[in-house]
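Structure first, then comments.
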Amino acid sequence: MSTMRATTVRCPHCGRTNRVPSAAEGSPRCGNCKQPLPWTVDVGDDDFSEVVEKSTVPVVVDLWATWCGPCRMVSPALEKVATDLAGRIKLAKVDVDSNPRLARRFEVQAVPTLLVLDHGKTVARQAGAAPAPALRQWVEQSITGRAPAREG
């Protein structure tokens, strides 16, 4: 099954609006200035494999819940990290209440739970909220040493 879902992203460099697919090879670039775009997607039980596990760039998975205060606090920090590391990561947000299979699969005991997956394999995991600089350091340490993704 191929998902053709896409989100609209404003380029942080030139301000142009771009359509970014949930699943694609490589990483998205602005159609105007060609700079890397932040890649944030909502994902669930049905499209996790295609959007996350088949990604050619590392994916930060945010397992969260709508009722969770710390989740609402960490969300903007994660979006900042996704912007800062545009072209190097994808951010996938999973609402655990709407996607119980993924919550069970990753044995979520507390939210937010954050994972870094590289080619579908978990390379890092942490629970709880943290400020953007700490999250960025954690993500960068998690993806250091991986082979760079081919541009697609």
Side-chain angles (χ1 to χ4, degrees), residues 1-12 18-29 36-150 152:
M1 175 178 121
S2 177
T3 56
M4 294 306 294
R5 289 187 312 135
T7 55
T8 304
V9 177
R10 182 172 299 282
C11 177
N18 293 265
R19 222 173 114 82
V20 176
S22 294
E25 295 232 353
S27 57
R29 293 189 170 272
L37 292 170
W39 201 358
T40 301
V41 297
D42 290 315
V43 65
D45 289 335
D46 296 333
D47 59 356
F48 188 84
S49 177
E50 182 177 3
V51 175
V52 174
E53 293 174 330
K54 294 180 181 175
S55 177
T56 56
V57 297
V59 182
V60 176
V61 179
D62 176 17
L63 295 144
W64 67 283
T66 56
W67 47 264
C68 168
C71 297
R72 288 193 299 273
M73 289 173 27
V74 81
S75 187
L78 286 170
E79 289 172 14
K80 175 161 180 22
V81 171
T83 299
D84 291 348
L85 299 179
R88 295 179 55 201
I89 66 164
K90 179 191 285 191
L91 173 61
K93 302 177 77 54
V94 177
D95 180 343
V96 295
D97 291 332
S98 300
N99 299 284
R101 289 192 321 247
L102 288 170
R104 279 192 305 275
R105 173 180 167 187
F106 291 110
E107 300 174 351
V108 175
Q109 300 292 317
V111 287
T113 292
L114 307 175
L115 310 170
V116 177
L117 274 67
D118 191 6
H119 298 295
K121 298 202 182 330
T122 302
V123 296
R125 178 185 182 116
Q126 79 173 32
L135 290 172
R136 179 178 176 161
Q137 181 179 18
W138 175 71
V139 170
E140 286 183 319
Q141 287 175 346
S142 301
I143 65 175
T144 298
R146 79 176 299 274
R150 289 190 1 205

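One-based numbering along the sequence shown.
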Please report the shortest heavy-atom distance between [X] and [Y], naming the atom on each side.
{"X": "Ala129", "Y": "Pro70", "result": "CB-O, 3.8 Å"}
{"X": "Ala77", "Y": "Ala130", "result": "CB-O, 4.0 Å"}
{"X": "Val51", "Y": "Ser55", "result": "O-CB, 3.8 Å"}
{"X": "Trp39", "Y": "Gly26", "result": "CZ3-O, 3.2 Å"}
{"X": "Val111", "Y": "Ala65", "result": "CG2-CB, 4.2 Å"}
{"X": "Ala82", "Y": "Ile89", "result": "CA-CD1, 4.0 Å"}

Show me the side-chain donor-acceptor pairs of residues 102-109 shorter than 3.5 Å, one per line, residues at least two apart or across chains.
residue	atom	partner	partner atom	Å
Arg105	NH1	Glu53	OE2	2.8
Arg105	NH2	Glu53	OE2	2.3

Minimum side-chain heavy-atom gap [X]-[Y] below 4.5 Å:
{"X": "Trp64", "Y": "Val96", "value": "no"}
{"X": "Leu78", "Y": "Leu114", "value": "yes"}
{"X": "Val81", "Y": "Trp138", "value": "no"}
{"X": "Leu91", "Y": "Pro38", "value": "no"}
{"X": "Lys90", "Y": "Leu117", "value": "no"}
{"X": "Asn18", "Y": "Cys11", "value": "yes"}

Gap between atom [atom2] of [Y] and atom [atom1] of [X] - 0.5 Å precision:
{"X": "Asp97", "Y": "Cys68", "atom1": "CG", "atom2": "SG", "result": "10.0 Å"}
{"X": "Thr113", "Y": "Gln126", "atom1": "OG1", "atom2": "CD", "result": "9.5 Å"}
{"X": "Asp84", "Y": "Leu135", "atom1": "CG", "atom2": "CG", "result": "11.0 Å"}

Apply side chain to side chain contact (heavy atoms under 4.5 Å, CB included) to the pair Ser22 and Glu50, showing each step before the final yes or no.
CA-CA 9 Å; Ser22 294; Glu50 182 177 3; over 6 Å; no

Check step by step if side chain to side chain contact (heavy atoms under 4.5 Å, CB included) holds for Lys80 and Arg136.
CA-CA 9 Å; Lys80 175 161 180 22; Arg136 179 178 176 161; 5.9 Å; no

One pair to check against side chain to side chain contact (heavy atoms under 4.5 Å, CB included): Asn99 and Asp45. What are the steps and the verdict?
CA-CA 5 Å; Asn99 299 284; Asp45 289 335; 3.4 Å; yes

Donor-acceptor pair, distance only, cut-off 3.5 Å: does the side chain of Arg5 make one with the backbone of Asp42?
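Checking the backbone N and O of Asp42 against the side chain of Arg5, a donor-acceptor pair under 3.5 Å is found.
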
Do the side chain of Arg88 and the main chain of Val57 share a donor and acceptor less than 3.5 angstrom apart?
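Answer holds: no.
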
Can you check side chain to side chain contact (heavy atoms under 4.5 Å, CB included) on Thr40 and Thr7, steps first, answer last?
CA-CA 8 Å; Thr40 301; Thr7 55; over 6 Å; no

Check salt bridge (charged side-chain N to carboxylate O under 4.0 Å, His left out) between Lys54 and all other residues, then give those that pass, not counting sequence neighbours.
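Salt bridge (charged side-chain N to carboxylate O under 4.0 Å, His left out) list for Lys54, sorted by chain: empty.
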
